[in-house]
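Below is one structure; the comments refer to it alone.
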Amino acid sequence: MSKEIVVNVGESQTRIAIVEDGKLVELYIENAENKRTIGNLYLGRIRKVMPSIQAAFVDIGQEQDAFLHFSDLSDNLPYLIKYLDLQTPKVEGITVPPGEKDWDKRPSDILNRGQEILVQITKEPISNKGSRISTDLSLAGRFLVLVPLQNYVAVSRKITDDKERRRLKALASSLVPDNYGVIVRTVAEDRDAKSLDKDLKLLKERWRRVENRLQEKPDPPALVHEDVDMASSIIRDQFSEEYDRILVDHEALHHSIRSYVKAVAPKMVDRIDLHTGGEPVFEAAGIQQGADRAFKDRVELPSGGYLFIEQTEAMHVVDVNSGRSGKGKSQSQNSLDVNLEAARVIARQIRLRDLGGIIVVDFIDLRGDKDKKKVYDELKKGFSEDRAVTKVLPMSDFGLVEITRQRLRPSITTTFSSSDGEASEDEDDESTDELRRAERKIQRLQKKVEAREREMKRLREENEGEDGEDVDRLRNQIESLEQEVNEAREEARRYREEAKRYEEQVQRAPAPSGDGEVAEAPSGAAEAAASPDAFVDRLEQWIVDHRGQHRAVTVRVHPFTAAFLRRPVPAYPTRWFMDHLVRVHLETDEDVPPLSFEIEHTRSGETLATS
């Protein structure tokens with residue numbers, strides 16, 4: 001299997017793609033608003049200790065307090081607390097005995113409100129949940145992971161050769177200093193002592209910088225160590241002998257990657273290439289269309305079937321449809337073939353979109369247990385290359401497959417829009433995407449303001465109506481957020497004015513006559529009937545009249561009309577689902593005149609209505 005990493009650096013964001021056999025399998029996007037935070041170390045302050053849910057909430061300076069479950073407390077917690085109490089925090093100032101956990105107090109007796117604590121982010125904020133954190137601190141290098149205030153040596157389970165495991169463990173044990181632990185990573189297999197020692201020295205120097213920051217006695221919450229950015233972390237954690245090349249389109253980043261690889265794996269430095277062609281690097285690598293599809297609800301299957309991938313509050317849902325596939329096949333054989341094809345594509349799309357949590361797949365109904373087992377095995381096989389921990393349950397009698405997948409960060413489809421993914425030029429007009437993004441920003445900021453106001457109210461009640469430092473801090477945050485809300489509203493207003501040209505183009509568009517010729521522009525009552533509002537009423541009336549027979553339909557409209565229907569917040573398809581429980585999937589088709597539509601059956605593709 002050929003594998004490569006493709007990195008695109010834009011003005012406002014960086015995209016990193018993992019490509020296997022020419023196909024895009026993983027996509028990461030990072031910008032100023034969505035920076036990678038996993039691995040960051042914070043000096044936080046405990047806000048609440050809640051034994052009822054076995055957790056504490058810690059202020060680390062983010063929008064929501066971070067979540068510290070008692071199961072994420074490290075065995076060395078008492079020594080970590082002593083370490084922070086030192087006038088000059090140094091690992092050498094604490095003696096950590098070897099062995100397992102040696103404290104038997106309840107966590108709620110050790111952790112107290114207002115207490116300072118050093119924590120590390122293990123899971124980024126998702127939706128309205130704060131970051132998940134741990135007191136099990138570590139610094140990751142190329143070959144080793146340094147664990148301060150510990151006393152053990154471990155070897156990655158992915159190294160299966162017993163002789164190599166013993167060699168690496170003995171080698172690491174001879175290098176690691178007292179009061180430090182170390183984990184030997186998978187890529188360290190067959191490496192010599194010089195490589196490991198060099199990596200260990202770099203990690204120790206990094207920890208020294210953390211200690212220097214702590215010795216400054218910063219007021220919590222404070223960031224004391226920021227891990228590397230998304231591109232660097234992927235190069236550090238994934239780039240190995242099995243990769244053919246890294247292709248980068250930014251000269252400074254190319255030089256930085258070459259310098260890093262030259263230091264840790266000099267034999268692989270020739271695999272770092274700089275893209276200098278005029279064509280965008282994703283286009284040159286043949287993966288731009290794959291990146292575009294990662295942001296679409298509908299995914300076409302080669303056979304003619306298709307998938308709908310949608311997100312709810314609690315889970316992601318995937319619906320498998322046969323579409324126009326199956327000519328010349330029996331129904332049972334066609335259902336099996338579409339399901340097998342869908343299983344391969346679903347595994348790839350879940351990995352590409354980085355979907356996590358609970359995922360439910362509604363396959364086409366199969367009668368035989370053998371056929372269900374085939375689809376289940378194909379889905380399991382598709383996840384074999386996925387680095388995230390994934391569990392797949394067998395297909396139920398209703399054709400449903402439940403999947404749980406490790407979630408460390410929000411999926412790219414919930415964090416970014418298609419324009420953030422830099423879709424091709426044939427997508428909807430840029431102003432409409434910008435408008436919707438600005439309006440989503442308003443909603444997001446307003447939620448933050450409301451959350452701060454609730455928190456301020458709670459703090460006032462706890463302090464019996466008196467304003468304290470926390471209340472003043474929250475008041476300042478509210479004022480700052482309200483200013484951002486006003487700026488976002490102004491931004492949305494500008495984009496909304498620009499997007500009005502869609503409506504004007506639709507209104508000016510001539511209506512088609514019955515013989516296919518363009519009729520004269522309507523006037524009077526005819527003009528009212530041909531208005532965008534009348535078009536929306538006509539389409540919604542059809543949905544209402546047929547909602548008993550069709551709970552999901554595909555509506556084909558002109559691109560101008562699609563932009564008009566998607567522009568409001570919420571968009572018309574969302575409103576129709578909320579009002580009538582009918583899922584309407586918009587498809588753009590330039591052959592459909594403006595103010596006209598074609599309605600198809602979502603599963604069979606049968607034409608249900610034209611107007």
Side-chain angles (χ1 to χ4, degrees), residues 4-31 34 230-231 234 247 249 275 277-311 316 318-319 321 323 341-342 344-355 410-437 440 502 554-563 565-567 571 573 585-590:
E4 61 182 7
I5 299 173
V6 182
V7 184
N8 164 233
V9 180
E11 292 183 4
S12 59
Q13 67 180 17
T14 300
R15 297 186 297 167
I16 308 101
I18 308 297
V19 184
E20 295 178 358
D21 289 334
K23 293 181 179 179
L24 178 66
V25 295
E26 293 181 28
L27 178 63
Y28 303 91
I29 304 176
E30 185 176 48
N31 60 19
N34 297 279
M230 185 72 75
I234 290 172
L247 183 62
D249 66 353
H275 175 71
E279 191 178 19
V281 65
F282 270 39
E283 295 280 3
I287 58 174
Q288 181 59 58
Q289 287 188 351
D292 293 347
R293 283 194 292 269
F295 296 94
K296 293 185 177 180
D297 292 340
R298 176 164 169 157
V299 179
E300 303 293 338
L301 299 177
S303 65
Y306 53 91
L307 311 173
F308 274 116
I309 304 176
E310 298 177 305
Q311 181 186 10
H316 289 87
V318 184
D319 186 26
N321 300 278
E341 183 180 54
R344 292 187 288 270
V345 175
I346 288 168
R348 190 161 61 244
Q349 285 293 321
I350 288 175
R351 185 180 171 192
L352 171 61
R353 299 168 189 236
D354 200 15
L355 305 184
S411 70
I412 60 171
T413 53
T414 56
T415 308
F416 301 94
S417 69
S418 58
S419 57
D420 290 313
E422 296 185 8
S424 302
E425 293 178 359
D426 60 354
E427 295 293 318
D428 291 339
D429 190 88
E430 182 180 356
S431 64
T432 304
D433 286 332
E434 294 287 350
L435 169 63
R436 295 175 69 187
R437 189 156 62 249
R440 281 197 298 270
Y502 278 122
T554 299
V555 178
R556 295 188 179 276
V557 292
H558 192 276
F560 290 161
T561 310
L565 293 174
R566 289 169 176 154
R567 193 188 72 194
H585 305 284
L586 290 181
E587 291 285 333
T588 58
D589 188 341
E590 292 185 355

Query raised in the report: Would R353 and I309 count as a side chain to side chain contact (heavy atoms under 4.5 Å, CB included) if you check the C-alpha gap in whole Å, the side-chain angles of each, and the deciding distance to 0.1 Å?
Result: CA-CA 10 Å; R353 299 168 189 236; I309 304 176; 3.7 Å; yes
Query raised in the report: Any idea which heavy atoms bring L352 and G290 closest together, and the distance?
Result: CD2-O, 3.8 Å
Report task. Heavy atoms only: give me the nearest L565-P573 pair and the separation to one decimal. Result -> O-CD, 3.8 Å
Query raised in the report: Going from CD on Q349 to CZ on R293, what distance comes out if it is rounded to the nearest 0.5 angstrom?
Result: 7.5 Å
**Report entry** CD-CD distance between E283 and Q289, expressed to the nearest 0.5 angstrom
**Finding:** 7.5 Å
**Report entry** E26 and Y28 side chains, donor-acceptor separation under 3.5 Å
**Finding:** yes
Query raised in the report: CG/D319 to CG/L307 distance, rounded to the nearest 0.5 angstrom?
Result: 8.5 Å
Report task. Scan Q288, R15, H275 and name whichever one has a side chain to side chain donor-acceptor pair (under 3.5 Å) with N8. Result -> R15
**Report entry** Main-chain N/O of V25 paired with E20 side-chain donor or acceptor, under 3.5 Å
**Finding:** no
Report task. Begin with the C-alpha distance, continue with both residues' side-chain angles, and end with the deciding distance and a verdict on side chain to side chain contact (heavy atoms under 4.5 Å, CB included) for I5 and I18. Result -> CA-CA 5 Å; I5 299 173; I18 308 297; 3.8 Å; yes
**Report entry** Step-by-step side chain to side chain contact (heavy atoms under 4.5 Å, CB included) determination, T554 to R298
**Finding:** CA-CA 11 Å; T554 299; R298 176 164 169 157; 3.8 Å; yes
Report task. First locate atom CZ of R556, then atom OG1 of T561, and finally report the distance between them rounded to the nearest 0.5 Å. Result -> 14.0 Å
Report task. Dump the intermediate steps for side chain to side chain contact (heavy atoms under 4.5 Å, CB included) on M230 and Q13, then the final yes or no. Result -> CA-CA 11 Å; M230 185 72 75; Q13 67 180 17; over 6 Å; no
Report task. Could you tell me the separation between the NE2 atom of H558 and the CD atom of E590, rounded to the nearest 0.5 Å? Result -> 6.0 Å
Report task. Starting at CD of E30, measure out to CD1 of I234 and round the result to the nearest 0.5 Å. Result -> 9.0 Å
Query raised in the report: Would you find a donor on one side and an acceptor on the other, under 3.5 Å apart, between the side chain of D249 and the backbone of V9?
Result: yes
